[in-house]
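Here is the structure we will look at, set down as structure tokens.
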Amino acid sequence: MKYVADFHIHSHYSRATAKNLDLEHIYQAAQIKGITVVGTGDFTHPGWISEISEKLEPAENGLYALKSEFAKPVDAKIPPLCKGPVRFILTSEISSIYKKNDRTRKNHNLLFMPDIDSVQALNARLDSIGNIHSDGRPILGLDAYHLLDMTLNAHEKGFLVPAHIWTPWFSLLGSKSGFDSMEECFEDLTPYIFAVETGLSSDPSMNRRVSFLDQVTLISNSDAHSPDKLGREANLFDTDLSYDGMLHAMKTGEGFNGTIEFYPEEGKYHLDGHRKCDTRMTPEESLKHDGICPHCGKPLTLGVLYRVNALADRMEKDVDSPPFISLIPLKEMLSEIMQKGPQTKTVTAQYQTAINTLGSEFYILKDCPLETIKTSNIPLLSLAIERLRAGNVHLSGGYDGEFGTVKVFEPSEIDALKGQKSLFKARVRSSKKTTQPPIIAKNSSYITPSHHKILQNKKDSTPSLPKDNISGLNTAQQEAVQFEDRHLMIMAGPGTGKTRTLTHRMASLMDKNITTGDHIIAVTFTHKAAEEMKDRLKQLCKQTLSLPLVATFHALCLHILEQEHSDIKTIRILNETEQDVCLSYAMKNCPNVKTLPSKKHCKKWIESARQKCLSPHDDLTPVTQHSRFSEVYLSYVNFLKQHQALDFEGIIFQTIQLFRHQPEINARWRQQFPYIFVDEYQDVNFSQYTLIRL
């Protein structure tokens, strides 16, 4: 049986929670969201466990159901398409503050129990240690090691899951009071930790960069403080509906189908910063400021991404991520569409319309056909969900307790979309005179030579083309496809068919015999985008034996290096762990090692130098003012040469060096490929731009 479970929630007995966070409202919200199993939360509180005992009754193995006398009044309020079984599992969160290894530790842990008798026995022990009466999430001076030991002794099937493990202030691995490993916290009991909760500010891909977490299942929960927030994150199971079934799935991975995630950028602690000073920073920026706020001089709150980077021993590209789905809560999406607050009457009414006509929230966001969503007559909802499912979102990271934002539309886009059938018309800029293409500054207006002109989209200015080249294209796209001058840039909003226009233009050049495929390069940023572009070109082009060379920047450079140096195939391309090892050896070969900057700083500076096309012999002040960095950089480069290795950023850098130092090779490639197409051109960095110019 496939179902959704959200284990970590709270009750109205916890501080800063909604007054209506009772069992009836949890039961109602679970069905509206599409959740089958939900945690009770707060079972340590005497008042809450009393309500649990009164209102719940045993159901399947280790699970509880709301008694019919309490469920019937609620059932009448639930839309028919949302109705489904709801089961409760006994859970509670404990806040531990204690001293260990000469540091104050603060971490939160989620406890699971299979029956009320075991809960009562555990509560009696906890009551003798600290105050469990004043807060649904009690704060106890109890070492997490001893809390785990007590949980295991309360029942053989009781277990503990470290909660939101990366949160700076209260977590297993947080930057403020956490540990650097699980063993440091749980010692010889570490094997009994078989699952950890990732928290809102991280996702499974981020966690899998830390190899010691390979031994545990990554689960996600909402940590809901109101019924409305239920299911912000959740778990996907395919087991029998039972405590034992879920326990087995989390222990072994069998029947655990992944998680539903927040976009981690939306979490309150994804990035670093200082909220009082309105300062938000990436980990790289924080390192430049040595973790200090540039405005007030106080330490920054170092967020989840920073902490993951600090403990990571894998690059993101090397991660074998478990399955997960990133979603935006439906009310937040409707709030963006309606341009009103999520709790306003307008948004609430549209939300009610959606669940009444379509079904539960998870069904709408994950599985409901787009054509069915259109029948709800909620403006832009089907387009918003289409973009969400494709991962086309705009992110602004949260920091220092401030939630980030995730949007599916550009700020100026919604009014235009509501008033027009099409999104934006493409705008074409051209020049016959210049060899310098116009430049786009990311997130800003055009920066372009003054002699560029905007072509008007007039039907009578569109010359005829073979139907197979313009089929399905609008007027603006056709104009771009058949444009006759050499330098062309297309600007348009998301989802308007820029890549489609790009491939049709390549096909048009070949169909008109203006050039052949072996004189065209198309460059993309990801392997997936490159494969999709190749597939489109195969469908469009008749001369399939002469298709353009389509590749990512790095793949293109490897191709060039392989063509020019027959021994390049023997060179090893380093992953991040191997790069760290090489850098360590290179630094050891530098005299007076103790005065060198940290390896972490050197690695970051080397990457920056590569992207700025700077060698160890160049002026490196644009990268750092540190006097000994050039020494480390030179030692690192020599070490790679000695061991026939190349790092990731070095692939592009070496190609640029080849073209600059051997102009006859550069000239041959320029002659071979006079037509260059760049997808998502606004995202190129300096080295990628330099490569294209060469």
Side-chain angles (χ1 to χ4, degrees), residues 1-13 21-31 33-76 78 83-94 110-127 132 136 150-161 195 219 221-222 224 227 230-231 234-235 237-251 255-256:
M1 173 182 177
K2 292 183 178 181
Y3 56 93
V4 178
D6 182 2
F7 299 128
H8 186 174
I9 74 165
H10 290 279
S11 73
H12 58 90
Y13 286 98
L21 198 50
D22 53 35
L23 293 166
E24 291 90 341
H25 282 92
I26 295 170
Y27 171 80
Q28 179 180 358
Q31 292 182 73
K33 297 285 184 174
I35 297 169
T36 300
V37 177
V38 61
T40 60
D42 297 357
F43 69 46
T44 54
H45 194 279
W48 187 237
I49 195 63
S50 177
E51 286 191 33
I52 289 171
S53 300
E54 176 194 357
K55 296 180 179 180
L56 300 185
E57 60 186 1
E60 297 83 0
N61 159 266
L63 301 180
Y64 291 80
L66 189 64
K67 292 179 180 177
S68 60
E69 65 218 69
F70 301 103
K72 280 184 179 179
V74 181
D75 288 337
I78 297 171
K83 288 185 176 181
V86 175
R87 296 293 182 263
F88 290 85
I89 185 170
L90 298 167
T91 62
S92 190
E93 184 183 20
I94 304 287
L110 189 62
L111 309 184
F112 292 72
M113 281 291 158
D115 58 56
I116 292 176
D117 289 344
S118 302
V119 167
Q120 297 284 22
L122 179 60
N123 286 355
R125 291 198 62 190
L126 294 174
D127 196 19
I132 63 172
M150 292 169 61
T151 303
L152 297 172
N153 284 314
H155 194 285
E156 62 180 2
K157 293 180 181 177
F159 62 97
L160 179 151
V161 172
I219 71 171
N221 302 291
S222 66
L230 210 65
N235 306 283
F237 286 92
D238 187 3
T239 71
D240 61 302
L241 191 60
S242 70
Y243 184 97
D244 287 351
M246 289 181 286
L247 175 60
H248 177 77
M250 286 186 278
K251 276 187 172 182
F256 187 80

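These values consider heavy atoms only, across backbone and side chains, with no hydrogens, waters or symmetry-generated copies. Predicted model only: the values in this text are computed from it and were never measured.
- Pairing each heavy atom of Phe70 with each of Pro73, the nearest pair is O-CD, 3.6 Å.
- Between Leu23 and Leu66 the shortest side-chain heavy-atom distance falls below 4.5 Å.
- Of the possible polar contacts, one joining the Ser53 side chain to the Ile49 backbone as a donor-acceptor pair under 3.5 Å is found.
- Rounded to the nearest 0.5 angstrom, Lys251 NZ and Asp244 CG are separated by 9.5 Å.
- Using a 4.5 Å heavy-atom threshold, the side chains of Ser11 and His45 count as separate.
- Taking 4.5 Å as the limit, some side-chain heavy atom of Val38 sits within range of a side-chain heavy atom of Phe88.
- In terms of heavy-atom proximity, Thr44 sits nearest to Ile132 at O-CD1, 3.4 Å.
- Within 6.0 Å of the NZ atom in Lys83, the count of heavy atoms belonging to other residues, nucleotides or ligands exceeds 12.
- Side-chain contact check for Met250 versus Phe159: some heavy-atom pair is nearer than 4.5 Å.
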- Task: In sequence, state the C-alpha distance, the side-chain angles, and the governing distance for Arg87 and Leu241, and then conclude on side chain to side chain contact (heavy atoms under 4.5 Å, CB included).
- Result: CA-CA 9 Å; Arg87 296 293 182 263; Leu241 191 60; 3.9 Å; yes

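- In this structure, the side chain of Lys67 engages the main chain of Glu54 through a donor-acceptor pair within 3.5 Å.
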- Task: Could you walk me through whether Val86 and Gln28 pass side chain to side chain contact (heavy atoms under 4.5 Å, CB included), step by step?
- Result: CA-CA 9 Å; Val86 175; Gln28 179 180 358; over 6 Å; no

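- Side-chain contact between Phe112 and Leu247 is absent, with no heavy-atom pair separated by less than 4.5 Å.
- Side-chain contact check for Met246 versus Tyr3: some heavy-atom pair is nearer than 4.5 Å.
- Side-chain atoms of Tyr64 never come within 3.5 Å of backbone atoms of Thr40 as a donor-acceptor pair (strictly under, hydrogens ignored).
- Shown here for Ile94 and Leu126, the closest heavy-atom pair between the two residues is CD1-CD1, 4.2 Å.
- Scanning both residues, Ile9 and Ser222, for their nearest heavy atoms gives CG2-OG, 3.8 Å.
- Here Asn61 contributes atom CG and Asp115 contributes atom CG; the two are 10.0 Å apart, rounded to the nearest 0.5 Å.
- The two residues Ala195 and Ile219 have their closest heavy-atom pair at CB-CG2, 4.3 Å.
- Under the 6.0 Å cut-off for aromatic ring centres, His12 and His10 do not qualify, their centroids lying 6.0 Å or more apart.
- Distance check: Ser118 OG to Asn153 CG gives 11.5 Å after rounding to the nearest 0.5 Å.
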- Tyr13 and Leu21: CA distance, side-chain angles, deciding distance, side chain to side chain contact (heavy atoms under 4.5 Å, CB included) verdict: CA-CA 9 Å; Tyr13 286 98; Leu21 198 50; over 6 Å; no

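- Between the side chain of Gln31 and the backbone N or O of Gly84 there is at least one donor-acceptor pair closer than 3.5 Å.
- Note: Leu160 CG to Leu110 CG = 7.5 Å, rounded to the nearest 0.5 Å.
- Between Asp240 and Met1 the shortest side-chain heavy-atom distance does not fall below 4.5 Å.
- Looking at heavy atoms from C-beta onward, Asn235 lies in side-chain contact with Asn221 at the 4.5 angstrom threshold.
- Across Ala234 and Val4, no two heavy atoms sit closer than the pair CB-CG1, 3.6 Å.
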- Worked check of side chain to side chain contact (heavy atoms under 4.5 Å, CB included) between Met150 and Leu122: CA-CA 7 Å; Met150 292 169 61; Leu122 179 60; 4.2 Å; yes

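- Taking NZ from Lys2 and OG1 from Thr239, the interatomic distance works out to 12.0 Å, rounded to the nearest 0.5 Å.
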